[in-house]
Amino acid sequence: MSFDTLGLSTDVLRAISESGYTTPTPIQEKAIPYVLMGRDVLGVAQTGTGKTAGFTLPMIDILSSGRGRARMPRSLILEPTRELATQVAESFNKYGKYSGLSMALLIGGESMRDQQLILQRGVDVLIATPGRLLDLFERGQILLADTKLLVIDEADRMLDMGFIPDIERIVAMLPTIRQTLFFSATMAPEIRKLADKFLLNPKEISVAPPASPAKTVTQRLLRCEAEAKTKRAALRALLQQEDDDTKSALIFCNRKRDVTIVQRSLKRHGLDAEALHGDMAQASRTETLARFKAGDIRLLVCSDVAARGLDIPAVSHVYNYDVPIHAEDYVHRIGRTGRAGRSGKAFTLFTPEDGKALAGVQELIGGVIEELTLDTVETPDSDAYSTDKRRRTRAKSGKSSKAEASPAKQQPAKAPESQREEQRPSAQARKSSKRPPQREREEAEAAPEGNGPFGDHIPAFILRPVPLTASA
DNA sequence: TGAACCA
């Protein structure tokens with residue numbers, strides 16, 4: 001199968017072959033002819049399947065005749081994050097270079113004036129995140145009356161993030177006679193309802209995920225104390241252990257402030273890490289992501305802004321510094337690695353407090369994730385979560401056998417609430433006493449405790465190889 | 001207990 005039989009123009013085919021592609025992916029093969037035909041398409045596909053080119057390639061040809069009038073874009077693509085929108089714009093640039101289309105990328109965090117100027121000149125392709133699009137619309141900078149081709153990408157994520165009311169407002173401004181392409185990684189009933197609302201007699205296309213992450217990604221858990229300092233030490237230990245195999249790694253935190261803290265901590269310990277989250281200036285978001293993609297940055301500490309959709313082929317490792325609150329986010333995060341047939345590794349730190357979230361993850365993936373056994377931590381049922389006790393037992397715990405860490409006994413928070421509280425006296429003290437503000441404290445803790453990446457102690461487990469053969 | 005989407 002090659003691209004020539006799909007009905008694409010020679011201009012587009014030339015750009016494709018110059019990019020080095022010869023064979024369409026299943027979604028491209030199935031979707032492109034229908035898009036060219038003018039049909040609505042309901043595509044169930046994840047990123048990594050070639051979905052983006054599946055709609056950009058035929059769109060380029062559909063739009064290559066005619067020209068956009070001032071403030072009246074001819075097509076609109078909605079994306080949930082700025083990074084994804086940028087990725088789509090890059091696809092248009094790459095494949096549309098012989099087709100002479102004009103394009104505007106409307107995302108927040110960037111100068112509105114530049115975007116307005118481009119809009120006034122008239123564009124064929126508008127790629128936008130909902131917030132900025134509505135903002136510009138309210139300022140009278142955009143008329144969607146001539147937008148006859150609409151793409152709603154990552155619909156499931158739009159739903160999760162509460163964008164659907166925005167999307168509905170936007171779609172209501174488009175002509176009812178139009179072509180709509182609707183993509184989602186899943187087809188939950190709510191998504192199906194949305195699709196029914198936006199699409200007319202769509203051609204349904206569904207492709208299997210490239211390979212389920214369970215097959216290509218080696219997943220492991222690492223039990224940890226809840227204390228941030230300990231988590232950071234554990235993370236460093238893992239990073240060190242995996243260093244030789246690491247092409248590049250994403251380190252996910254649940255909170256933006258922790259992204260900053262962890263990144264600074266790694267840096268102070270001599271590891272070259274950068275940060276990415278939604279509160280950063282757009283310029284550094286763009287630059288950091290570009291450098292990470294280029295292999296310039298090896299370790300990227302990030303929020304869930306990077307969890308979905310981003311296509312970064314060389315990510316060899318994903319670390320979950322926190323167990324994600326929603327189980328689906330786990331799947332998206334680890335899906336950043338093991339892409340395109342490569343193998344990947346995903347490590348998740350969990351604490352006694354993560355019992356519920358972790359159970360949710362394992363339920364969703366339909367299996368138990370194997371736990372790494374560390375000499376620094378006792379067996380699951382023990383009272384290993386007191387810092388003091390850990391210090392005392394660490395030296396002698398060489399026999400912490402893997403056999404004891406039976407997979408069936410993964411849930412850490414078995415101890416009654418009162419007992420756990422007792423084991424962690426600092427938890428109470430933290431709430432009541434006059435300590436410095438949380439942030440200062442964390443940043444102070446983020447400093448190295450000694451020399452080298454591990455401070456003044458090296459967890460014993462990093463000194464011996466950890467078997468990573470069996471798969472969950 | 002978050003994060004993502006105009007300022």
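Just so it is clear: chains get the letters A, B, ... in the order the sequence lines come, proteins before strands, and each one is counted from 1.
At a threshold of 4.0 Å, the pair A:Lys345-A:Asp245 counts as salt-bridged, since one of the basic side-chain nitrogens sits closer than that to a carboxylate oxygen. Between A:Glu204 and A:Arg192 there is a salt bridge, since a side-chain N of the basic residue sits under 4.0 Å from a carboxylate O of the acidic one. A:Glu274 has a carboxylate O that lies under 4.0 Å from a charged side-chain N of A:Lys267, or vice versa, which qualifies the two as a salt bridge.
Applying the side chain to side chain donor-acceptor pair (under 3.5 Å) test to A:Tyr319 and every residue at least two apart in sequence or in another chain returns nothing. When the side-chain contact (heavy atoms from CB on, under 4.5 Å) test is applied to A:Ser206, the partners found at least two apart in sequence or on another chain are A:Val44.
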Heavy atoms under 4.0 Å is the rule here; annotate nucleotides 2-7 of chain B 5' to 3' with B where the base is hit, S where only the sugar-phosphate is, and - elsewhere.
BSBBBS
